[in-house]
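Heads up: the structure comes next, in C-alpha cells.
From a predicted model like this one, the values you see are computed outputs, not experimental measurements. Protein chains get the first letters and strands the later ones, always in sequence-line order, with residue 1 at the start of each.
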2 protein chains.
Amino acid sequence: MNVKTMCLGVLSIGEATGYEIKKQLEGPFHHFYQASFGAIYPALSALLADGLVSVREEPQDGKPDKKIYALSETGRAALLAELSRPPGPDRVRSEFLAQMVFVELLADDLVADFVATRLEHYETQLAGLRGIDPDRLPPGRRFALGYGLAVYEAGNAYLRANRHLLDDAARTAPARDAAD
Amino acid sequence: MNVKTMCLGVLSIGEATGYEIKKQLEGPFHHFYQASFGAIYPALSALLADGLVSVREEPQDGKPDKKIYALSETGRAALLAELSRPPGPDRVRSEFLAQMVFVELLADDLVADFVATRLEHYETQLAGLRGIDPDRLPPGRRFALGYGLAVYEAGNAYLRANRHLLDDAARTAPARDAAD
DNA sequence: GAACGATATATCGGATTGATATATCAATTC
DNA sequence: GAATTGATATATCAATCCGATATATCGTTC
C-alpha cells in the first residue's frame, strides 16, 4: 500500500490536513505504517491533481494556513479498489535488531545503553497504545490496536528475558577490565 | 542502518556474493532487515570504490561468474563505527494490517481470503525460523532468531484469537446475501 | 536572546524499491 | 517438444520515499 492509498484511507475516516495525516501515522498507526512529510505532501498533491481528493484552505492566526483535504467519490472508489488487492509482504527494518546481530563486535557499555533505550521505547509505545480506548474504535482499528499491543508486549518480554545473551556476548572494554 | 552497513555486517561473518547477501536477508535476517538487489549491488560497488571491501571473480560453468566480496580492515573499522552509533527507529510497513484497518469497506470473502493467506504466511515464516538450530549460532544471531519466533508467534496467536473482529466487520456481498 | 517544541506547509538530494534485463541450466507443465 | 518456471548470478532504471531542511508564528525553557 503506497502513501497515496494510505492518505485516501485516513481521509475516509474524516477530512484532515497533511500534518494531521502525519500525526495519525505517528500515533495509533505507527506500529504498522509510517510515512514522511516528503512522501505525504507530494501524495496529496497527486491525489488532488487526479481528482481523488478536494481541498479547502483555512487561514489561522499565528500559524500557517491549514489545507484541509477531503475524500471525493472518485477517491472513495479508488481506495476501495486498492484495498481489495491482496496485501503485499511486510516491510521491516529494525536497526536495533540488526545491530544486536553483531553484538560481539560492540563494547558492553554501549550494548547496555542500547538495550536500556530499547526497553524504554517499548514502554513508551505500549503506554501510548494502552491509552487508547478500544471500545471507541471501529473493529478494524480495534484489531490493529490489539495487534500492536500483542507484538510490542512479546518483543518487550523477549528482550527482558534474553538480554543476558547480549550482555554476556558484548566486548569487555579494556578500561573496564582494568577497573574490575 | 543503511544497506552498505548491512553488507559490511554480513561480510564480517564471511566472504559472500551479492546474491548470497540477498539470500541471507531473505532467510534468517528477513524478520528484521530487508533490502533489494537494486540497493545491494550499488552498495557493494560503493564499498569497493571506498576500499571497505575487496572482490575476486570466480568463473562458473552454466551460471554467471561469481563476484566474491570480502571485508577489508578499513571496512571492519567502518562497520564497528557504524554499529556503535545508537540505533534509529524501526521502520515498518504492513500492508495486511493497514488494509485490515479499513476492513468495513471490504467484502467478506476478500477478508477471509486475506486472513487465510496471512495465517499461512505466519506458519511459513515460523517453520523457516524453527528450522534453524540456535545452538549453532553466535549469541547475537541466536537472540535475533528468538526475537523473530516470539514476535511471529504473538502475531499468529493474536490473529487466530481475534479474526472474528475482521470477519464480523467485513461487508456482506450482495450476491452472498441472496444465497443466504 | 537563543534554543526548543508545536502547529502547518513544502522541497530536495540521496537511498531504496520493484520490475526488468541478461545468461545458463534443470525441472516441470502443457 | 516447446514453453514456462525456478535457481544461480550480475546489473540497471523509473518511481517512490526518507531525512533533512526551509519557512512562518507562537509559547516555553535555559
Distance in angstrom units between [X] [atom1] and [N] [atom2], rounded:
X	N	atom1	atom2	value
Tyr41(B)	dA19(C)	OH	P	17 Å
Glu58(B)	dT8(D)	CD	C1'	14 Å
Lys67(B)	dA23(C)	NZ	P	17 Å
Gln60(B)	dC25(C)	CD	C1'	12 Å
Leu44(A)	dT11(C)	CG	C1'	15 Å

Worksheet item: Does Arg171(B) use its side chain to pair, donor to acceptor, with the backbone of Leu105(B) at less than 3.5 Å?
Response: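 Present.
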Worksheet item: Less than 6.0 Å separating the ring centroids of Tyr41(A) and Phe37(A)?
Response: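 Under 6.0 Å, so yes.
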Could you go through residues 140-160 of chain A and list every donor-acceptor pair under 3.5 Å that involves a side-chain atom there, pairing it with any protein atom two or more places apart or in another chain?
unit_1    : atom_1 : unit_2    : atom_2 : d
Arg142(A) : NE     : Pro134(A) : O      : 3.1
Tyr147(A) : OH     : Tyr122(B) : OH     : 3.4
Tyr152(A) : OH     : Gln125(A) : NE2    : 3.4
Glu153(A) : OE2    : Arg130(A) : NH2    : 3.0
Asn156(A) : ND2    : Glu123(A) : OE2    : 3.4
Tyr158(A) : OH     : Phe143(B) : O      : 2.9
Arg160(A) : NH2    : Glu123(A) : OE2    : 2.8

Item to complete: Tell me what Lys23(A) touches on the nucleic acid: a base, only sugar-phosphate, or nothing, going by heavy atoms under 4.0 Å.
Response: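 If one applies the 4.0 Å heavy-atom cut-off, Lys23(A) turns out to touch the sugar-phosphate alone, with no base involved.
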Worksheet entry | With Lys22(A), the side chain to side chain contact (heavy atoms under 4.5 Å, CB included) member among Glu20(A), Gln24(A), Glu26(A) |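 So, applying the side chain to side chain contact (heavy atoms under 4.5 Å, CB included) to Lys22(A) and each of Glu20(A), Gln24(A), Glu26(A), only Glu26(A) qualifies.
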Worksheet item: Going by heavy atoms in the side chains, are Leu52(B) and Leu71(B) under 4.5 Å from each other?
Response: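 No, their side chains stay 4.5 Å or more apart.
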Discussion item. Walk along nucleotides 17-23 of chain D from 5' to 3' and tag each nucleotide B, S or - by protein heavy-atom contact under 4.0 Å, base first, then sugar-phosphate.
Written reply: SBB----
Worksheet item: Of Lys66(A) and Ser45(A), whose nearest nucleotide on DNA chain C comes first from the 5' end?
Response: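 First, find each residue's nearest nucleotide; the 5'-ward one identifies Lys66(A).
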Discussion item. Taking transitive links into account, so neighbours of neighbours count too, which hydrophobic residues share a cluster with Ile68(B) at under 4.5 Å side-chain distance?
Written reply: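 Traced through the cluster, Ile68(B) reaches no other member.
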